[in-house]
Amino acid sequence: LKPTYCCHVGDLCDFSSLQVNRNIDPNIDSPVLELTKTREAIKEFEKLFPKLDITYGNHDLRLQRKSENMGIPSDFIKGFNQLLNITADWKWHQKLLIPLPSGQDLFVTHNFKANILQSAMGLNCCFACGHFHTQMQLSYASSPTQLYWAMCVGTTLNPKSDAFKYQRTFVKRPLLGCGIVIDSIPQI
């Protein structure tokens with residue numbers, strides 16, 4: 001497609017070995033092995049996306065939350081590009097506001113509200129997010145002056161990974177996908 005701009009909606013890393021809210025599974029990779037595997041995977045990803053904006057995902061932030069729980073100041077923690085040996089032009093953000101050719105803005109974040117269309121209408125712009133592993137959707141709404149769209153792009157997680165074995169008994173399954181916007185028109 002030769003995109004003119006690329007962004008990632010978060011959860012670039014899993015950091016399953018650094019669980020904060022539940023016990024760590026002793027059968028998954030250690031933090032050192034997980035970091036090594038993540039760095040190797042990112043090398044391939046950097047070739048595809050030499051320039052990338054990334055919004056922080058809740059999995060990406062597990063290290064930060066874990067260090068905060070232990071009372072370790074954030075100044076003691078490496079930035080993601082340094083930690084993950086990223087040499088490409090990747091920038092991390094809490095959220096992104098991207099101007100579209102239509103004149104509308106696209107608000108991009110990892111997680112906002114489960115009702116993505118309400119999010120778009122509340123923000124008064126188009127909206128795209130990730131986070132919801134079992135949702136992939138594109139919805140539209142209009143007002144007298146505006147057409148809004150909202151897109152939840154699914155996930156790129158590996159559903160066969162031991163880190164996600166807790167979801168194997170769930171009725172809903174992860175939806176693997178991504179979203180693109182061509183000339184202001186969204187597609188999943």
Side-chain angles (χ1 to χ4, degrees), residues 3 5-22 24 28-29 31 34-46 48-99 105-116 119-120 122-123 125-137 150-158 161 163-164 166-167 174-181 186:
Y5 175 79
C6 295
C7 67
H8 189 287
V9 294
D11 286 352
L12 178 68
C13 308
D14 185 34
F15 292 136
S16 58
S17 58
L18 300 174
Q19 284 291 338
V20 178
N21 298 325
R22 62 178 186 268
I24 296 170
I28 61 173
D29 291 338
E34 182 179 13
L35 182 59
T36 300
K37 288 180 175 181
T38 300
R39 286 173 173 164
E40 289 170 7
I42 284 174
K43 283 180 190 172
E44 296 302 312
F45 205 58
E46 282 182 296
L48 295 170
F49 302 98
K51 184 176 173 86
L52 187 66
D53 284 317
I54 308 168
T55 59
Y56 294 104
N58 59 307
H59 290 245
D60 300 316
L61 295 174
R62 283 179 172 166
L63 175 59
Q64 177 184 343
R65 291 193 338 257
K66 186 100 170 181
S67 65
E68 287 170 357
N69 287 348
M70 301 300 292
I72 300 170
S74 58
D75 288 347
F76 285 52
I77 306 298
K78 292 179 181 180
F80 283 111
N81 286 355
Q82 185 181 5
L83 175 69
L84 300 171
N85 295 338
I86 294 170
T87 58
D89 184 12
W90 289 8
K91 293 182 178 74
W92 293 79
H93 309 270
Q94 294 293 332
K95 58 189 174 284
L96 293 166
L97 192 61
I98 304 165
D105 287 324
L106 170 60
F107 186 94
V108 178
T109 189
H110 179 67
N111 179 16
F112 207 64
K113 298 177 183 175
N115 187 325
I116 62 170
S119 297
L123 292 163
C125 64
C126 298
F127 177 74
C129 70
H131 182 69
F132 304 103
H133 300 167
T134 60
Q135 291 181 37
M136 188 181 328
Q137 60 182 331
M151 178 169 49
C152 182
V153 298
T155 184
T156 56
L157 68 81
N158 176 359
S161 167
F164 289 98
Y166 69 91
Q167 279 194 333
L175 293 168
L176 305 178
C178 68
I180 60 172
V181 181

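Residues: numbered from 1 along the sequence shown.
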Can you list everything that forms a side chain to side chain contact (heavy atoms under 4.5 Å, CB included) with I98? Sequence neighbours excluded, please.
Y5, C7, L96, L106, V108
Holding to salt bridge (charged side-chain N to carboxylate O under 4.0 Å, His left out), I want the full list of residues that pass it with E40, two or more places apart in sequence or in another chain.
none
H8 meets the side chain to side chain donor-acceptor pair (under 3.5 Å) criterion, sequence neighbours left out, with none
Ring pair (Phe, Tyr, Trp, His ring centres under 6.0 Å) against F107, all qualifying residues, sequence neighbours excluded
F112
Sequence-distant partners of W92, side chain to side chain donor-acceptor pair (under 3.5 Å), two or more places apart
N81
In chain order, what residues pass the salt bridge (charged side-chain N to carboxylate O under 4.0 Å, His left out) check against D53, with sequence neighbours excluded?
none
The side chain to side chain donor-acceptor pair (under 3.5 Å) partners of K37 (sequence neighbours excluded) come to D29
Filter on salt bridge (charged side-chain N to carboxylate O under 4.0 Å, His left out), then keep only pairs touching residues 68-84, sequence neighbours left out; what's left?
none
Listed partners of K66 passing salt bridge (charged side-chain N to carboxylate O under 4.0 Å, His left out), at least two apart
none
So which heavy atom on P50 is nearest to which on A88, and how close?
O-CB, 3.4 Å
Who are the side chain to side chain donor-acceptor pair (under 3.5 Å) partners of Q94, not counting sequence neighbours?
none
By side chain to side chain contact (heavy atoms under 4.5 Å, CB included) - contacts of C178 (at least two apart):
none
By salt bridge (charged side-chain N to carboxylate O under 4.0 Å, His left out), K91 pairs with (sequence neighbours left out) D89
